[in-house]
Amino acid sequence: MLPAAIFYDLSPHARVATAILPFGVAIFVRLVLGNNQLTRWLISLSVLWFAANILMAPYSAGMRQDIRDLRTLLP
């Protein structure tokens, strides 16, 4: 079983939450702890996580099927 296999069964709303939640947590930690090296790293990593999720979304099996279905609807 691949480590990423846990994400295959997630609903679209859960996938969005897994992309956005780390950024929200990093912002909250920055508000609580202030601007320091740790919070800058957390925000940088959460932005990279979000970007990776957005860039990889079209390659998921469900999204590929949705794109194929959309192509059949267009003339």
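Not counting sequence neighbours, the partners of Phe28 by the side chain to side chain contact (heavy atoms under 4.5 Å, CB included) test are Val32. Here Val25 pairs with Leu21, Val29 under the side chain to side chain contact (heavy atoms under 4.5 Å, CB included) rule; sequence neighbours left out. Taking the side chain to side chain donor-acceptor pair (under 3.5 Å) definition, one finds that Ser46 meets it with nothing, sequence neighbours left out.
Note on Leu31 and Val47: same hydrophobic cluster, where clusters join Ile, Leu, Val, Met, Phe, Trp and Tyr whose side-chain heavy atoms are under 4.5 Å apart, directly or indirectly.
The structure places CD1 of Ile43 at 10.0 Å from CG of Leu38, a figure rounded to the nearest 0.5 Å. Considering CD1 of Ile20 and CH2 of Trp49, their distance stands at 13.0 Å, rounded to 0.5 Å.
Looking at every heavy atom in both residues, Arg30 comes nearest to Thr39 through CA-CG2, 3.6 Å.
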